[in-house]
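Take a look at the structure set out below.
Each ligand, and each atom within it, is numbered from 1 in the order the structure gives. All residue numbers in this chain count up from 1 along the given sequence.
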Amino acid sequence: MRKITVAKGDGIGPEIMDATLDIILAAGAQLEIEEIEVGEKVYLSGHSTGISKEAWDVIRRNKIFLKGPITTPQGGGYKSLNVTMRKFLGLYANIRPCVSLYPFIKTKHPEMDTVIVRENEEDLYAGIEHQQTDEIVQCLKLISRPGCEKIVRYAFEYAKQYGRKKVTCFTKDNIMKQTDGLFHKVFDEIALEYPEIENEHWIIDIGAAKMADTPEAFDVIVTPNLYGDVLSDIAAQITGSVGLAGSSNIGEGCAMFEAIHGSAPTIAGQNIANPSGLLQGALMMLNHIGQTEVAERVQNAWLKTIEDGIHTFDIYKEGTSKQKVGTREFAQAVIANLGQSPAQLKAVSYPKSNGFTLPKYQRKPAAKKELVGVDLFVHWNDRDPNELARVLQQIEDETLKLTMITNRGIKVWPEGFEETFCTDHWRCRFEPSNSNGVDKQHIVQLLSQAIGKNIDTIKTENLYVFDGKPAFSLGQGQ
Ligand code: NAD
């Protein structure tokens with residue numbers, strides 16, 4: 001018997017959760033359920049996170065969490081509970097299998113069977129944003145080596161466990177050479193540990209186009225957070241229905257399982273919602289906790305029910321469907337099919353091993369880190385970079401001299417183009433004037449001189465070389 005936490009959630013949540021639990025318990029799932037309240041009621045009672053401290057304690061104690069969809073109230077500074085949970089509980093991997101059920105569910109991609117493994121904690125979702133000039137806002141993109149190693153290793157282990165043949169990495173490292181560059185580099189390093197699994201890398205834009213056109217070319221896809229967010233919805237949608245997909249959020253200690261759709265408030269309480277997405281999430285949970293035979297029984301009964309043409313309204317189509325049923329009746333049909341397998345769709349058989357454990361991240365020895373300059377970011381209203389350079393050259397001294405100015409990343413001084421549009425946000429690069437190098441005290445002096453000249457310095461970024469390799473971007477055109 002395994003104790004799990006269940007939250008029914010909002011909108012259609014209670015109906016689809018009841019249907020899901022009825023099915024998996026009827027199939028023999030060995031679960032002891034501890035129910036908590038999260039979501040709309042909790043938000044409206046004054047918890048801006050949508051969850052109480054007591055509920056957190058239950059989730060952390062039981063470690064396995066099956067969650068119904070949650071309504072995030074509009075406005076009022078409410079935080080998305082999903083994002084909060086992923087980060088607090090360290091749920092670094094978001095797994096979304098997207099498989100076509102052709103000809104029973106209409107799709108342009110009958111052969112599709114792709115799993116998206118999305119990094120779940122980092123990237124632009126760190127949510128660190130600032131406005132420091134009138135015209136520019138910024139968001140910090142954070143990619144860590146531990147984050148990359150964990151998600152890439154998870155993707156390869158998943159492929160190994162489920163007999164997948166290939167792992168594809170999607171990044172945009174031709175543009176973001178540091179951040180996406182690190183993700184790609186770690187992918188190449190870890191791929192070497194799995195010689196039996198094919199690996200490849202695609203630039204995300206053409207990769208996404210290929211996936212939307214020929215999804216059968218991909219098996220497991222691993223990608224950073226934002227790309228994975230967009231891509232996984234596209235992948236689920238092109239199987240024929242976003243409403244049929246489940247997802248797991250896996251951490252080192254805890255794991256959360258859910259449907260990928262939301263709380264669908266307009267159809268709530270009518271016994272018409274499709275419970276399949278949440279059921280798929282629940283089956284991922286059963287596989288995760290080692291109850292694979294139950295998961296298999298349910299999935300095969302579910303495939304047979306879809307094949308029998310017993311469909312909820314969202315997937316019901318004259319011609320292919322036979323009977324339009326409600327949430328409860330659909331669940332009863334799946335229960336009646338337990339023990340049976342589909343005739344035409346491929347019956348599933350899950351690996352019997354009890355999940356997989358990734359090695360704990362081992363911090364690498366520190367690199368030799370050398371300070372080689374500083375980027376001074378300046379709020380400056382005159383659009384002429386030559387005038388800004390003239391002013392900045394007044395604060396140069398015997399240690400640091402101005403070597404470049406960029407605007408939105410493009411070099412505008414020395415020798416910029418007059419056609420380049422300039423905003424009020426400038427990156428001004430200072431590098432050592434002589435071979436004695438630079439230390440932090442020199443940067444403090446530079447800042448102090450800038451303040452003395454009334455230059456509105458909004459931030460600095462130090463320029464470092466790690467083990468002899470420059471670790472900062474050049475100006476475009478430099
Ligand atoms: P939604 O997924 O709830 O609904 C989109 C459309 O799909 C609607 O037409 C809906 O009726 C339909 N639909 C969704 N699930 C269905 C099901 N099981 N059966 C039949 N039809 C279904 O997305 P939305 O309308 O953008 O969001 C509604 C609320 O859900 C919002 O408050 C949003 O913040 C929340 N949401 C929560 C989650 C989550 O908890 N994981 C995810 C997405 C959205």
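- Rounding to the nearest 0.5 Å places NZ of Lys185 at 14.0 Å from NE2 of His201.
- Thr406 and Trp426 share no side-chain donor-acceptor pair at under 3.5 Å.
- Annotation: Phe313 places no N or O atom under 3.5 Å from an N or O atom of ligand 1; distance criterion only.
- Side-chain polar atoms of Gln280 and Gln299 form a donor-acceptor pair below 3.5 angstrom.
- Of all atoms in ligand 1, numbered sequentially from 1 with element shown, those under 4.0 Å from a heavy atom of Ile70 are 30 (O), 35 (C), 36 (N), 37 (C), 39 (C), 40 (O).
- When non-hydrogen atoms are compared, ligand 1 lies under 4.0 Å from the backbone of Thr71 as well as from its side chain.
- Considering backbone and side-chain atoms together, Pro265 places no N or O closer than 3.5 Å to any N or O of ligand 1.
- Taking every heavy atom of Thr72 and a limit of under 4.0 angstrom, the matching atoms of ligand 1 come to 32 (O), 34 (O).
- In terms of polar-atom proximity, defined here as any N/O pair under 3.5 Å, His261 does make such a contact with ligand 1.
- Each ring-ring contact (aromatic ring centres under 6.0 Å, His included) pair with one or both residues in residues 35-61, not counting sequence neighbours, appears once here: Tyr43-Tyr78, Trp56-Phe88.
- For atom 23 (O) of ligand 1, the nearest non-hydrogen atom from the set Gly39, Gly262, Pro275 belongs to Gly262.
- Between the side chains of Asp180 and Tyr227, at least one donor N or O lies within less than 3.5 Å of an accepting N or O.
- Of all atoms in ligand 1, listed by their number and element, those nearer than 4.0 Å to a heavy atom of Ile12 are 15 (N), 16 (C), 17 (C), 18 (N).
- Within the 4.0 Å cut-off (strictly below), no protein heavy atom is located near atom 5 (C) of ligand 1.
- Not a single heavy atom of Ile16 lies less than 4.0 angstrom from ligand 1.
- Not a single protein heavy atom sits closer than 4.0 Å to atom 9 (O) of ligand 1.
- Short contacts between ligand 1 and Glu258, defined as distances under 4.0 Å to a heavy atom of the residue, involve ligand atoms 41 (N).
- Contact annotation: for Asp10 versus ligand 1, there are no heavy atoms closer than 4.0 Å.
- Within the structure, the closest approach of Gly243 to ligand 1 does not fall below 4.0 Å when heavy atoms are considered.
- In summary, the side chains of Glu34 and Thr5 do not present any donor paired with an acceptor at a separation below 3.5 Å, with no hydrogens or angles considered.
- For the salt bridge (Lys or Arg N to Asp or Glu O under 4.0 Å) test, no residue two or more places apart in sequence or in another chain qualifies with Arg86.
- Between His425 and Phe377, the gap from one ring centroid to the other is short of 6.0 Å.
- Annotation: Thr266 places no N or O atom under 3.5 Å from an N or O atom of ligand 1; distance criterion only.
- For His288 and Phe257, the ring centers sit closer than 6.0 Å to each other.
- Using a 4.0 Å heavy-atom cutoff, Gly277 is absent from the residues neighbouring ligand 1.
- Contacts of Asp314 with ligand 1, taken as heavy-atom pairs under 4.0 Å, involve the side chain alone.
- Ring centroid separation for the pair Phe183 and Phe170 does not come in under the 6.0 Å cut-off.
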